[in-house]
K.L.:
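Okay, handing you the structure first.
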Amino acid sequence: MKKLINDPKAVVDESVEGFGLAHADLVTVHPDPLFVSRKNAKTGKVGLLSGGGSGHEPLHAGYVGFGMLDAAVPGAVFTSPTPDAIIPATVAANSGAGVVHIVKNYTGDVLNFETAAEMAQAEGIEVRTVLVNDDVAVEDSLYTAGRRGVGGTVLVEKIAGAAAERGDGLDAVAAIGQRVNDNVRTMGVALSACTVPHAGVPSFELAENEIEIGIGIHGEPGRHRIPMENADGITDRLLEPILADLKPAAGDKVLLFVNGMGGTPSSELYIVYRHAVKVLEAAGLGVERSLVGNYITALEMQGCSISVLRLDDEMTALWDAPVHTPALRWGM
Amino acid sequence: MKKLINDPKAVVDESVEGFGLAHADLVTVHPDPLFVSRKNAKTGKVGLLSGGGSGHEPLHAGYVGFGMLDAAVPGAVFTSPTPDAIIPATVAANSGAGVVHIVKNYTGDVLNFETAAEMAQAEGIEVRTVLVNDDVAVEDSLYTAGRRGVGGTVLVEKIAGAAAERGDGLDAVAAIGQRVNDNVRTMGVALSACTVPHAGVPSFELAENEIEIGIGIHGEPGRHRIPMENADGITDRLLEPILADLKPAAGDKVLLFVNGMGGTPSSELYIVYRHAVKVLEAAGLGVERSLVGNYITALEMQGCSISVLRLDDEMTALWDAPVHTPALRWGM
Amino acid sequence: MSDTGTGQGLDAAWAVDWLLRSAAVVADNRVALSELDRAIGDGDHGENLDRGFSAIVAKLDEEEPATPGAAFKMAAMTLMSKVGGAAGPLYGTAFLRAATAVGDADALDPTLLVAALTAARDGVVARGKAEPGEKTMIDAWTPAVDAAAAAAAGGSPADVLLAAAEAAEAGAVATDPLIARKGRASYLGERAIGHRDPGAASSALILRAAADAAVSSGTAGAGA
Amino acid sequence: MSDTGTGQGLDAAWAVDWLLRSAAVVADNRVALSELDRAIGDGDHGENLDRGFSAIVAKLDEEEPATPGAAFKMAAMTLMSKVGGAAGPLYGTAFLRAATAVGDADALDPTLLVAALTAARDGVVARGKAEPGEKTMIDAWTPAVDAAAAAAAGGSPADVLLAAAEAAEAGAVATDPLIARKGRASYLGERAIGHRDPGAASSALILRAAADAAVSSGTAGAGA
Ligand SMILES: Nc1ncnc2c1ncn2[C@@H]1O[C@H](COP(=O)(O)OP(=O)(O)O)[C@@H](O)[C@H]1O
Ligand SMILES: Nc1ncnc2c1ncn2[C@@H]1O[C@H](COP(=O)(O)OP(=O)(O)O)[C@@H](O)[C@H]1O
Ligand SMILES: [Mg+2]
Ligand SMILES: [Mg+2]
Ligand SMILES: [Mg+2]
Ligand SMILES: [Mg+2]
């Protein structure tokens with residue numbers, strides 16, 4: 001393992017400290033318990049909070065700012081944050097109109113956010129939770145912990161964030177977040193594993209000619225392993241279950257999000273994007289919006305995920321609305 | 001080698017095609033010979049063109065757009081583009097006020113851009129060239145091909161691009177680009193090698209506990225190999241020759257650019273940034289502006305570079321000026 | 001330890017000793033537990049628990065719990081706030097429910113011990129909704145509770161915990177051939193077969209620490 | 001080939017044959033040349049040249065150059081526009097200067113051949129500013145030009161090219177112990193020692209192809 005780190009135990013603290021120094025105009029870093037809050041949020045606005053294990057940067061702290069999150073709670077690498085950090089972050093995100101927790105559906109995240117939400121509510125803060133579970137790799141959610149929250153999380157945060165920024169109420173913000181989740185499907189692939197700093201060894205082993213289809217964002221294994229294929233073939237394999245599950249109608253407008261897992265050059269993401277556009281257009285869909293890059297990662301893993309979000313006019317307008325965060329910025 | 005590609009020979013064409021599809025509002029891709037031009041540039045504005053081997057994405061095509069480049073010419077991976085592409089790109093970038101070529105100082109780039117500039121000039125287009133050579137890893141430029149153009153290129157393109165956008169003339173745009181180059185120094189480190197798609201094997205070998213200090217952006221070896229160190233130690237080693245060469249005075253204002261080589265998670269870049277800020281502040285410098293992320297890469301190489309640019313008020317204002325390109329965007 | 005007496009059952013000193021022994025055994029098995037988790041999860045279980053139990057040790061340096069229930073409650077709060085992941089809230093809930101079950105009793109007799117173990121197990125089920133056989137820590141806790149209940153009739157507190165520890169260990173081993181239905185490992189399908197559930201393994205270690213502490217407390221008491 | 005006659009020297013058919021043989025030898029050595037470049041450069045030299053010479057072969061399918069000079073000019077333009085990197089403009093300039101040196105001569109006698117080789121070498125120096133001993137293609141070209149000039153006195157065109165090829169090969173081998181002062185390899189300092197310069201190696205291959213074409217053209221001519 002070679003990483004640009006000091007003490008493996010201090011990775012998250014030091015990284016978030018550096019992040020805070022680089023983006024001091026946008027965020028405040030609270031060191032203990034660790035959370036990140038937005039500077040200059042409107043008061044009276046519904047607060048948006050997300051969090052989860054670290055290692056998925058820029059998620060979530062990179063999305064704190066105008067038009068997106070009010071607070072982010074980074075846990076240890078690949079480990080959900082704990083209530084003692086989520087609660088003060090919820091307090092910071094609240095300016096009187098309540099707080100929406102955006103939680104990825106992983107057992108650890110669900111349990112810790114559940115506890116924190118109960119305790120925050122006991123302190124008088126209204127909390128709503130949007131559980132993101134867009135990962136179609138999980139085939140039979142009855143016999144598993146359910147579909148995981150992956151790439152769609154970024155889209156939920158952007159669109160719900162824009163709704164909060166325009167002044168929607170607590171239930172409305174949660175509802176639009178839920179609507180995004182209901183209309184987005186994601187599937188990922190890993191070409192290589194990643195190494196959790198304090199573990200020091202890769203999370204799994206992939207042979208030189210193997211790839212893992214249906215990977216989550218924690219280096220946990222996915223649906224199955226197959227021999228390496230070319231980019232177009234892999235793209236087909238990712239899109240097929242997405243379209244089978246989302247069942248878009250010809251003429252539907254979609255947002256296509258090709259996300260890098262951290263160790264794949266953007267040039268390769270565009271090769272995937274190129275073929276994905278063709279497949280979607282051949283299915284009669286209109287690719288109205290796009291996002292290509294490293295937005296929700298698994299440390300230095302090589303691979304990508306594809307998310308397809310079925311858009312309606314309101315979601316499109318909220319997607320286009322100005323956003324100014326360290327990792328996503330437009331319109332201002 | 002596992003990469004999200006189809007035919008290794010088609011990597012650049014397919015990637016740029018996908019890039020063009022994803023950013024059709026900003027750029028036009030011309031397929032043969034391959035170059036990328038800006039949509040909706042003002043006429044009468046000085047044109048800005050850059051190019052070089054591919055594999056450094058988002059450089060250069062990612063910087064085509066408002067306030068930055070008018071055209072970019074991607075060569076084969078790690079191979080300079082050829083005059084037959086540079087010439088039509090120069091024609092496309094020209095709207096009557098001439099074109100500035102921003103060229104990284106590598107023998108191949110210099111020779112190919114030189115040829116193209118001569119031929120464009122023969123066709124009546126005024127061309128000025130800014131040769132970027134900010135890499136302090138090259139110690140004795142008398143006995144080498146001279147300092148290489150690396151991270152500083154991004155800063156030259158942004159600041160000269162803003163000067164062109166505000167209406168500066170040909171010589172003025174070239175002069176401000178030159179001023180940025182004169183005031184920026186860069187030093188890089190590789191933790192792992194990268195693999196050129198058509199080569200199929202890594203460009204060099206690094207042992208499990210070795211790093212290469214002073215790496216260029218082509219996977220070519222650097223100053224020397226040392227045993228792995230922690231992030232703070234590596235940061236010290238990168239900053240030392242930068243400061244020794246730039247010789248900033250206490251009180252100077254600087255821009256600090258921590259750039260990822262493609263395979264290093266942004267969380268690690270922020271750990272480097274954190275320590276770099278401390279070192280610069282201890283040297284009495286004011287870190288007024290920052291940029292942290294993958295902006296000039298070497299495929300999937302793990303590692304980073306640090307650039308320090310000594311700012312003056314004009315450069316700061318041009319840095320802050322609005323920019324709207326696929327890879328760099330603010331203020332609009 | 002012998003100063004508080006153990007005649008009526010296991011006291012606060014035992015509870016503290018249990019937590020310290022748990023911390024030691026978790027530290028010793030940090031890498032091994034993460035290794036189990038690496039095979040079918042995300043490789044952090046040992047690290048997570050070690051962070052939590054180290055924090056418990058630090059807390060015990062500052063304050064001395066007066067009753068087993070106080071010790072459990074402190075452990076619950078610390079695990080809940082420091083461990084994270086799935087295991088944090090689950091172990092936290094287990095200790096919290098155990099604390100509630102024993103109230104402010106000075107010492108735990110076999111009946112109270114069984115009540116505490118049962119409440120702990122029920123707490124994990126309430127939070128995690130796992131059934132036996134789904135390859136989770138429940139597969140260590142459920143046989144442990146059953147064995148403890150059986151041993152409580154006529155056995156000493158140490159007997160109860162020895163039976164629980166033994167059953168938990170067997171339960172952990174018995175997770176090897178299972179397919180997981182809860183937690184991260186559930187995404188693996190058949191590929192989870194042949195691997196031990198890390199949470200079941202850590203539960204067995206922690207219950208063994210409870211038994212060891214009881215045996216050593218009994219010895220100390222006998223020597224007084 | 002024999003239809004144009006070779007009595008007065010090497011004709012357009014020879015030039016075409018040279019280019020085709022160069023393309024073949026570059027294709028055969030694509031991996032080996034890139035391997036040399038990988039050691040002290042960026043690993044693309046074989047790939048770059050192969051791209052250029054393949055394009056030359058494609059061009060030759062479409063049009064037949066009437067003179068050696070026309071063939072050189074076509075090669076120059078193609079290499080310039082297809083190879084990229086340092087080698088593209090340098091080889092391009094070499095062929096362009098050679099084309100200028102031979103003008104529209106139908107066939108190249110020893111004197112014209114030496115003039116062409118000298119002009120090619122001078123073109124590379126003019127563009128790349130390398131001196132002998134700096135571990136570049138110049139270290140193959142310079143001894144080749146000298147040997148060709150010596151052989152021209154009394155020798156046949158094939159003798160001139162055979163001498164040039166042999167000297168270029170020796171020159172390429174002689175780059176092994178050098179430190180590079182130009183091109184990418186110059187960044188390596190002492191680490192370049194022990195590696196052959198890829199451009200010198202490819203120059204030797206291309207000059208050997210010229211000699212082979214001359215020998216085969218002479219044979220063909222003798223048979224006519
Ligand atoms: N729903 C559940 N019910 C009971 N135990 C569970 C459940 N989900 C996970 N676990 C336990 O948690 C363990 C994993 O803990 P840990 O690795 O610390 O958390 P995470 O999976 O979040 O990384 C599993 O081995 C399993 O025993
Ligand atoms: N300044 C120069 N003068 C002469 N030859 C040079 C010069 N710079 C580089 N070369 C030659 O070019 C070769 C490298 O070519 P190539 O690998 O195709 O280009 P690049 O270095 O741009 O990747 C070197 O081996 C060397 O022989
Ligand atoms: Mg975890
Ligand atoms: Mg090259
Ligand atoms: Mg785990
Ligand atoms: Mg090369």
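Predicted, not measured: the structure shown is a model, and the values here were computed from it. Below, each value reflects all heavy atoms present in this structure, side chains not excepted, and no hydrogens, waters or symmetry copies. Here is how names work: the chains are called A, B, and so on, in the same order as the sequence lines, proteins then strands, and each is numbered from 1.
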K.L.:
Check the surroundings of atom CD in C/Glu63: do more than 12 heavy atoms from other residues, nucleotides or ligands lie under 6.0 Å from it?
P.N.:
yes

K.L.:
Can you confirm whether more than 12 heavy atoms, excluding those of C/Glu166, are under 6.0 Å from its CD atom?
P.N.:
no

K.L.:
When heavy-atom pairs shorter than 4.5 Å are enumerated against chain A, which of C/Lys82, C/Arg30, C/Glu35 gives the highest number?
P.N.:
C/Lys82

K.L.:
Other residues, nucleotides and ligands only: do more than 12 of their heavy atoms fall within 6.0 Å of CE on A/Met119?
P.N.:
no

K.L.:
List the atom of A/Thr79, the atom of C/Arg51, and the distance in Å for their closest heavy-atom pair.
P.N.:
CG2-NH2, 3.8 Å

K.L.:
Identify the heavy atoms of C/Met80 and A/Asn112 that sit nearest to each other, and give their distance.
P.N.:
O-OD1, 4.1 Å

K.L.:
Under 4.5 Å from any heavy atom of chain A, what part of C/Ala180 do you find: side chain, backbone, both or neither?
P.N.:
backbone

K.L.:
Begin with the C-alpha distance, continue with both residues' side-chain angles, and end with the deciding distance and a verdict on side-chain contact (heavy atoms from CB on, under 4.5 Å) for C/Asp44 and A/His218.
P.N.:
CA-CA 11 Å; C/Asp44 61 1; A/His218 296 87; over 6 Å; no

K.L.:
Between C/Arg127 and A/Thr115, do the side chains contain an N or O donor and an N or O acceptor separated by less than 3.5 Å?
P.N.:
yes

K.L.:
For A/Gln121, does the CD atom sit with more than 12 other heavy atoms under 6.0 Å from it, leaving out its own atoms?
P.N.:
yes

K.L.:
Evaluate side-chain contact (heavy atoms from CB on, under 4.5 Å) for C/Leu90 paired with A/Leu111, printing each intermediate quantity in order.
P.N.:
CA-CA 8 Å; C/Leu90 293 173; A/Leu111 294 176; 3.8 Å; yes

K.L.:
What are the two closest heavy atoms between A/Asp84 and C/Ser81, and how far apart are they?
P.N.:
OD1-O, 2.9 Å

K.L.:
Return the minimal non-hydrogen interatomic distance between A/Ala199 and C/Gly43, and the atom names on each side.
P.N.:
CB-O, 4.5 Å

K.L.:
Sort A/Asp135 into side chain, backbone, both or neither according to what part of it lies under 4.5 angstrom from a heavy atom of chain C.
P.N.:
neither

K.L.:
Can you tell which part of C/Val31 gets under 4.5 Å to a heavy atom of chain A, answering side chain, backbone, both or neither?
P.N.:
neither

K.L.:
With chain C, which of A/Glu114, A/Arg148, A/Glu205, A/His224 has the greatest number of heavy-atom pairs at distances under 4.5 Å?
P.N.:
A/Arg148

K.L.:
Answer yes when C/Arg191 and A/Glu212 have at least one side-chain N-carboxylate O distance shorter than 4.0 Å, and no when they do not.
P.N.:
yes

K.L.:
What are the two closest heavy atoms between C/Ser186 and A/Ala145, and how far apart are they?
P.N.:
OG-N, 3.0 Å

K.L.:
Report yes or no: is the cationic atom of C/Arg38 (NZ for Lys, CZ for Arg) closer than 6.0 Å to the six-membered ring centre of A/Phe204, at no more than 45° off its axis?
P.N.:
no

K.L.:
Between C/Tyr187 (side chain) and A/Gly146 (backbone), is there a donor-acceptor pair under 3.5 Å?
P.N.:
yes

K.L.:
If you count heavy-atom pairs within less than 4.5 Å of chain A, which of C/Gly46, C/Ser34, C/Ala39, C/Gly183 leads?
P.N.:
C/Gly183

K.L.:
Which atoms of A/Phe78 come close to chain C, meaning under 4.5 Å heavy atom to heavy atom: side chain ones, backbone ones, both, or neither?
P.N.:
both

